[in-house]
Structure formats: structure tokens, C-alpha cells
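Data block below; observations after.
Just so we're clear, the structure is a prediction, and the values are computed from it rather than from any experiment.
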Amino acid sequence: MSPKTATKAAKAASPVEGFVPELVALLEAGVHFGHERSKRNPKMEPFIFTQRNRVAILDLEQTREQLIKAADFAHEIASKPASNILFVGTKRQARPIIQKYAEATEQPFITKRWLGGTLTNFSTILKSIEKLEELKRTEDSPSVANLTKKEKAVRAKEIERLEEVLEGIRTLKSLPSALFLASAHNERIAIREARRVGVPIIGIADTNADPEQLDYPISANDDALRSIEIITQAIAQSIASARGINLKV
């Protein structure tokens with residue numbers, strides 16, 4: 001078998017190939033649009049096909065290959081019992097997409113803001129989760145019923161604060177097995193923490209990002225809704241396939 005034939009056979013063996021959009025679909029979603037030269041990270045140059053009207057145009061063939069590798073990895077992680085992939089997208093346009101696909105695949109997520117120490121000081125996060133669970137569990141207990149009106153108000157406010165802060169990570173009982181970032185450029189704090197604790201990172205890298213900070217970079221537009229969605233959906237479908245979940249979004 002020639003090297004070229006072997007490569008084709010390896011690609012055909014990928015369990016996620018059918019979930020990854022073809023080049024035309026990526027093109028129609030605007031995945032190829034990058035930033036102007038003034039905002040470009042030099043490390044993204046290898047993934048740029050050309051430039052039009054001062055705007056970088058990403059090489060979609062490379063994007064698709066990267067997406068296949070990232071989706072393969074997500075599938076591998078999701079196949080392991082008790083594993084999880086933390087979806088992160090605090091950028092305004094990414095928030096509803098990240099939450100939608102994380103919930104559909106029963107994965108934890110962060111969309112409002114990244115709490116410093118989420119990974120590097122995870123024991124504190126766990127204590128906050130435990131505190132919230134205890135507060136929720138005792139809401140209808142006699143001891144709470146006997147509290148004064150002011151004490152009940154303080155308690156309710158604390159529950160509301162914790163729910164907002166912990167958002168989609170209440171199910172986390174240990175460090176995530178991997179991260180999926182809707183924007184490598186926007187989630188630099190998450191990247192720093194993940195690298196410190198050794199959590200692998202899948203992420204969308206627009207032309208202003210540093211792809212070397214990601215284990216599985218996906219060179220793509222991280223501003224357009226359709227671009228974020230088509231990439232996130234491919235990752236989510238790979239997770240759903242590994243978990244036997246019928247992805248309905």
C-alpha cells in the first residue's frame with residue numbers, strides 16, 4: 001500500500017469523519033474569514049491561504065483536517081467512563097451555542113466569565129459546589145423554615161450568587177478531561193490554567209490567536225455565529241456518538 005493510499009485508509013477509519021462538515025459547508029458558514037493583517041498573530045501564517053481586501057482567508061482544507069483530529073480526540077475522551085469535556089465560550093456570540101451543545105451532550109460549560117483558579121485552585125471550586133448543593137438540599141428543611149425573613153433573604157441571595165458563578169460546572173467532581181474553547185484568543189486565562197494542570201485543549205484559533213497554546217487548534221473564524229456553530233456541532237456530535245446520545249439541537 002502506498003503512503004498516499006495508507007493516509008486515505010486512515011482517514012476513512014476515523015469514527016468522526018461523517019460528523020465533520022465538507023469544505024463547501026465550511027465555506028458557506030464563513031469559517032474561512034480571518035482578521036486584518038494588523039491583528040494577525042504571525043504563528044497563524046501557515047494556516048492562511050491568501051488575503052482579500054486586507055482580510056486573511058484561512059485554508060479550509062487545513063481547517064477540516066484539524067477539525068477531524070480534534071473531533072477524533074473528543075470522541076476518544078468521551079469514550080472513557082467518568083470523563084468530561086468542559087465547553088468554554090464567554091464571547092457574547094458564542095455563549096448560547098456553547099451552552100446549547102454542552103447541555104445536549106451532558107457536558108459542563110462556562111459562558112459568563114472564567115473564574116480565576118477554576119482549574120488551578122479546583123479544590124476551592126469543589127467547596128463552592130458542595131456549599132451550593134447543601135443550600136439547595138436543605139431549602140425545605142424545618143431549620144430553614146424557622147429562619148427570620150431577613151435570614152431567608154440572605155440565604156436566597158447566596159444561592160443565587162453561587163448558581164450564577166458556578167453556572168454549568170456544578171456537575172464537575174474532578175478536573176475536566178479536556179477543554180473545548182470557542183475562541184482561543186478570548187479564553188487566554190483558561191488556556192494558562194489548563195496548561196499548568198496538564199488538561200488538553202481543543203480550541204478555535206482565529207488569525208489573531210496563538211495556535212501553539214492549543215493541543216488541537218482549529219483554524220477558523222471565531223466571530224461569526226455560523227462558524228462557531230458548525231465547529232462546535234462537529235465536536236458535540238463526536239462526543240454524542242461516543243456516549244450513545246442522540247444529539248437533538
Side-chain angles (χ1 to χ4, degrees), residues 14-34 47 58 60 62-78 83-114 167-169 171 176-188 190-191 194 199-207 209 211 213-243 245-249:
S14 168
V16 303
E17 182 82 30
F19 305 138
V20 176
E22 296 296 335
L23 296 178
V24 172
L26 295 173
L27 185 71
E28 290 173 347
V31 172
H32 57 300
F33 290 118
F47 310 114
L58 289 160
L60 289 181
Q62 289 194 69
T63 299
R64 190 170 189 275
E65 289 302 315
Q66 291 167 336
L67 185 51
I68 290 171
K69 288 178 184 176
D72 266 327
F73 177 67
H75 186 276
E76 179 188 338
I77 290 290
S83 66
N84 51 59
I85 297 175
L86 176 57
F87 282 52
V88 184
T90 60
K91 203 170 186 174
R92 179 184 52 79
Q93 56 268 53
R95 290 173 188 169
I97 297 169
I98 286 296
Q99 182 170 348
K100 175 175 69 173
Y101 285 104
E103 289 179 339
T105 52
E106 301 170 5
Q107 300 301 300
F109 63 91
I110 293 175
T111 61
K112 289 180 181 171
R113 71 183 180 92
W114 180 271
E167 195 191 19
I169 60 172
T171 57
S177 308
L179 298 187
F180 169 68
L181 310 179
S183 170
H185 180 73
N186 276 64
E187 311 301 345
R188 294 189 293 277
I191 290 172
V199 173
I201 312 165
I202 302 167
I204 297 177
D206 207 327
T207 54
Q213 294 297 304
L214 307 174
D215 297 280
Y216 294 90
I218 305 162
S219 51
N221 181 348
D222 70 1
D223 291 310
L225 288 170
R226 290 179 66 196
S227 177
I228 298 169
E229 173 122 24
I230 201 170
I231 299 294
T232 305
Q233 184 179 44
I235 298 297
Q237 285 180 318
S238 300
I239 295 170
S241 171
R243 290 284 167 90
I245 297 170
N246 184 15
L247 190 66
K248 294 179 180 179
V249 289

What distance do [X] atom [atom1] and [Y] atom [atom2] have between them, rounded to the nearest 0.5 Å?
X      : Y      : atom1 : atom2 : value
Lys69  : Leu67  : NZ    : CG    : 12.0 Å
Gln233 : Thr105 : CD    : OG1   : 11.5 Å
Tyr101 : Leu247 : OH    : CG    : 6.5 Å
Leu60  : Gln66  : CG    : CD    : 10.5 Å
Phe109 : Ile97  : CZ    : CD1   : 14.0 Å
Ser227 : Gln93  : OG    : CD    : 10.5 Å

Where [X] and [Y] come nearest, the two heavy atoms and their spacing:
X      : Y      : answer
Ile230 : Ala25  : CD1-O, 3.6 Å
Pro200 : Asp215 : CA-OD2, 3.2 Å
Phe33  : Asn221 : O-CB, 3.2 Å
Ile77  : Asn84  : CG2-O, 4.4 Å
Ala182 : Asp222 : O-CB, 3.6 Å
Leu181 : Ile191 : CD1-CG1, 3.4 Å

Do [X] and [Y] come within less than 4.5 Å of each other through their side chains, counting heavy atoms only?
X      : Y      : value
Ser241 : Phe19  : yes
Arg243 : Gln107 : yes
Ile98  : Val88  : no
Gln237 : Val16  : no

Notebook entry, point to check: Is the closest side-chain donor-acceptor distance between Ser219 and Gln62 under 3.5 Å?
Noted result: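 Side chains of Ser219 and Gln62: no pair found under 3.5 Å.
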Next item on the list: List the steps and the verdict of side chain to side chain contact (heavy atoms under 4.5 Å, CB included) for Asp72 and Ile68.
Entry: CA-CA 6 Å; Asp72 266 327; Ile68 290 171; 3.8 Å; yes
Next item on the list: May I ask you to decide if Ala234's main-chain N or O and Ser238's side chain share a donor-acceptor pair within less than 3.5 Å?
Entry: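 Side chain of Ser238 to backbone of Ala234: a pair is present.
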Checklist line | Residues in ring-ring contact (aromatic ring centres under 6.0 Å, His included) contact with Phe47, at least two apart in sequence or another chain | finding: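 Listed in chain order: nothing, the list is empty.
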Item checked: Results of ring-ring contact (aromatic ring centres under 6.0 Å, His included) for Tyr216 - residues two or more places apart only ->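 Per chain and number, Tyr216 pairs via ring-ring contact (aromatic ring centres under 6.0 Å, His included) with Phe73.
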Item checked: side-chain contact (heavy atoms from CB on, under 4.5 Å) partner of Ile218, the single match among Ile231, Asp206, Val31 ->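 Considering Ile231, Asp206, Val31, a side-chain contact (heavy atoms from CB on, under 4.5 Å) with Ile218 is found only for Ile231.
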Check: Stepwise, does the side chain to side chain contact (heavy atoms under 4.5 Å, CB included) test hold for Thr207 with Leu58?
Finding: CA-CA 8 Å; Thr207 54; Leu58 289 160; 3.8 Å; yes
Note to self: Run the side chain to side chain donor-acceptor pair (under 3.5 Å) test against His185 and tell me which residues pass, sequence neighbours left out.
What the structure shows: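 So His185 forms a side chain to side chain donor-acceptor pair (under 3.5 Å) with Arg188.
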Next item on the list: Could you walk me through whether Ile239 and His75 pass side chain to side chain contact (heavy atoms under 4.5 Å, CB included), step by step?
Entry: CA-CA 5 Å; Ile239 295 170; His75 186 276; over 6 Å; no
Checklist line | Residue pairs passing the salt bridge (charged side-chain N to carboxylate O under 4.0 Å, His left out) test where at least one lies in residues 94-108, sequence neighbours excluded | finding: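 Of all non-adjacent pairs touching residues 94-108, those that pass salt bridge (charged side-chain N to carboxylate O under 4.0 Å, His left out) are Lys100-Glu229.
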Checklist line | Test side-chain contact (heavy atoms from CB on, under 4.5 Å) applied to Asn186 - qualifying residues, sequence neighbours left out | finding: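 Partners of Asn186 by the side-chain contact (heavy atoms from CB on, under 4.5 Å) criterion, ordered by chain and then number, come out as Lys91, Ser183.
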Next item on the list: Using the test side-chain contact (heavy atoms from CB on, under 4.5 Å), find all partners of Ala194 that sit at least two apart in sequence or belong to another chain.
Entry: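 Expected list: Leu119, Leu179, Val199, Ile201.
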Next item on the list: Please lay out, stage by stage, how Thr111 and Thr90 fare under the test side chain to side chain contact (heavy atoms under 4.5 Å, CB included).
Entry: CA-CA 4 Å; Thr111 61; Thr90 60; 5.8 Å; no
Next item on the list: For the pair Arg113 and Glu167, find out whether any cationic side-chain nitrogen is under 4.0 Å from an anionic carboxylate oxygen.
Entry: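 No, no charged N to carboxylate O under 4.0 Å.
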